[in-house]
Amino acid sequence: MKKAWLVLPLGVAAFGCAPNTRFRNAAVVPAMTPPMTTGRPLDHQARVEAYGGYTDNLTDLFPQEESTPALHVAHGMGGVGGKFRLGPITDIGARFEVGPYDSAQHSAVGTPPVPGHKSVVGAGITLGGHYVHRSGFGLGAVYEGTAYSVPWAQWECDGSASPCPARLNVPEGDNLPGYHLVDEGTETVYINQLSILPSYKRDIFTGFIGMSVRGTIENVGFSDSSTNGNLPSTGKPAALFTVGGELAFDRFRILMEAHRASANPGNSTWGFGLSIGYELGEPVRRRPAPQPDPFAPPAGYPPPGYPPPAGYPPPGGYPPPGGYAPPTAPAPAPDPVAPPTTPAPGDPYAPQ
């Protein structure tokens, strides 16, 4: 298969080649971004916020026919959202975000343009569940479901040759020399993301880390078939790791995070984000941590009781071997002595 060698400025000059297939497809997709939250429950009844971020991606210099995506990955993502407290450990929210075409970088050499510089937009819901320990540690689980409106375009090689003749097919604005636009539109793609966020709060600062699994958006960038991957669709899930912190000033919240993404979509690498929020409604009353009793005795008082002394061993030879013989019945008492019948001489009480 013939390939066109391209020289593209990527900060420094880099060489690459793209397959000269009859069709080339392109789509504008959002970058990998984490949920902009610490994973802890709201301190008031509701919160509104605005956020923005940047995620870098690498360009595949040697894309493969019938497999490699050709995407415009929006480096800059921004949006607004709100949350409402459902209960002591749960909340629900909505979000809207946009990824401008002008901030995007293509994921592969030879990615054709999307006419009109259309941006990718998304809207969805968030669900959060949280557990907070009195020591300050917490654990949160956050689900985000977003429907993205993804612009796409399909280009066909001029003439009927297949594969197309090798040439430098470098996009020039909304044109791709050697190709002509045959179809374009928008496709709705649903993306799910589930995140686990351990955290620790002390005074006004909350530190957190996050681990997310998120769906991706893919297409087939280079194909000799007009229907093979021409429309963007949900791709393989990818991993996302986050570390960040949040400062609380009365009702204001300022969150900063840095994230590292796996290789999809568009060979995403690293990024960072900033969120500014404001909480509304009455503050949430949580059970205070137990306070020590000022009148409690010191630790270790009273001392533990002494164990009872061990019993003394019996003296040697006790009890005697064989045991005691049973006692015998007592001897009968002797009969009392009868009084004398003859009074003693001189007895004054003797009968007369």
Side-chain angles (χ1 to χ4, degrees), residues 1-32 54-76 99-115 117-118 120 150-159 161-184 216-226 228-233 235-236 238 261-271:
M1 181 184 65
K2 296 181 180 180
K3 293 187 176 182
W5 286 88
L6 308 177
V7 180
L8 297 178
L10 299 176
V12 294
F15 291 90
C17 63
N20 288 300
T21 53
R22 182 172 180 179
F23 295 96
R24 292 193 184 184
N25 304 305
V28 186
V29 302
M32 292 278 288
Y54 173 88
T55 301
D56 192 24
N57 71 281
L58 303 176
T59 298
D60 190 339
L61 300 179
F62 302 97
Q64 301 300 310
E65 181 179 350
E66 311 294 348
S67 61
T68 303
L71 307 170
H72 296 271
V73 184
H75 278 183
Y101 179 91
D102 292 335
S103 75
Q105 179 178 338
H106 48 260
S107 64
V109 163
T111 299
V114 174
H117 291 199
K118 300 174 183 177
V120 56
V150 180
W152 60 272
Q154 185 177 61
W155 298 75
E156 185 178 11
C157 180
D158 293 336
S162 180
C164 290
R167 67 184 74 188
L168 292 177
N169 304 113
V170 180
E172 296 178 355
D174 285 345
N175 298 313
L176 184 64
Y179 284 78
H180 61 275
L181 182 68
V182 293
D183 200 3
E184 63 175 317
T216 60
I217 301 176
E218 296 181 349
N219 69 353
V220 175
F222 309 89
S223 176
D224 286 323
S225 170
S226 63
N228 180 24
N230 61 310
L231 297 179
S233 60
K236 297 179 181 179
S262 62
N264 289 305
N267 304 318
S268 298
T269 54
W270 59 269

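We number each residue from 1, following the sequence as shown.
To the nearest 0.5 angstrom, Met32 atom CE is 15.5 Å from Trp270 atom CH2. Interatomic distance, OG of Ser226 versus CZ of Phe23, reported as 4.5 Å (0.5 Å rounding). In this structure, CG on Asn219 lies 8.0 Å from OG on Ser233, to the nearest 0.5 angstrom. Here the straight-line distance linking atom CD of Gln64 with atom OG1 of Thr21 works out to 11.5 Å at 0.5 Å rounding. His75 NE2 to Thr55 OG1: the interatomic distance, rounded to the nearest 0.5 Å, is 8.5 Å. Taken to the nearest 0.5 Å, the CG atom of Leu71 stands 9.0 Å off from the CG atom of Asn57.
Side-chain atoms of Thr216 come within 3.5 Å of backbone N or O of Lys236 as a donor-acceptor pair. Between the Trp155 side chain and the Asn175 main chain, no donor and acceptor come within less than 3.5 Å of each other. Remark: the backbone N or O of Trp152 is not paired with any side-chain donor or acceptor of Asn25 at under 3.5 angstrom. Without hydrogens or angle criteria, Asp224 side chain to Arg22 main chain gives a donor-acceptor distance under 3.5 Å. Between the His72 side chain and the Pro112 main chain, a donor and an acceptor come within less than 3.5 Å of each other.
Thr59 and Gln105 share a side-chain donor-acceptor pair at under 3.5 Å.
Remark: Glu66 engages no residue in a salt bridge (Lys or Arg N to Asp or Glu O under 4.0 Å) (not counting sequence neighbours).
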- prompt: Does the pair Lys118 and Tyr101 meet the rule for a side chain to side chain contact (heavy atoms under 4.5 Å, CB included), with working shown?
  reply: CA-CA 6 Å; Lys118 300 174 183 177; Tyr101 179 91; 5.9 Å; no
task: Give the C-alpha distance, both sets of side-chain angles, the deciding distance and a yes or no for side chain to side chain contact (heavy atoms under 4.5 Å, CB included) between Val120 and Val28.
output: CA-CA 6 Å; Val120 56; Val28 186; 4.2 Å; yes
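The two residues Ala153 and Pro115 come nearest to each other via the heavy atoms CB-CD, 3.8 Å. In plain terms, the two heavy atoms of Ala18 and Pro63 that are nearest each other are CA-CG, 4.1 Å.
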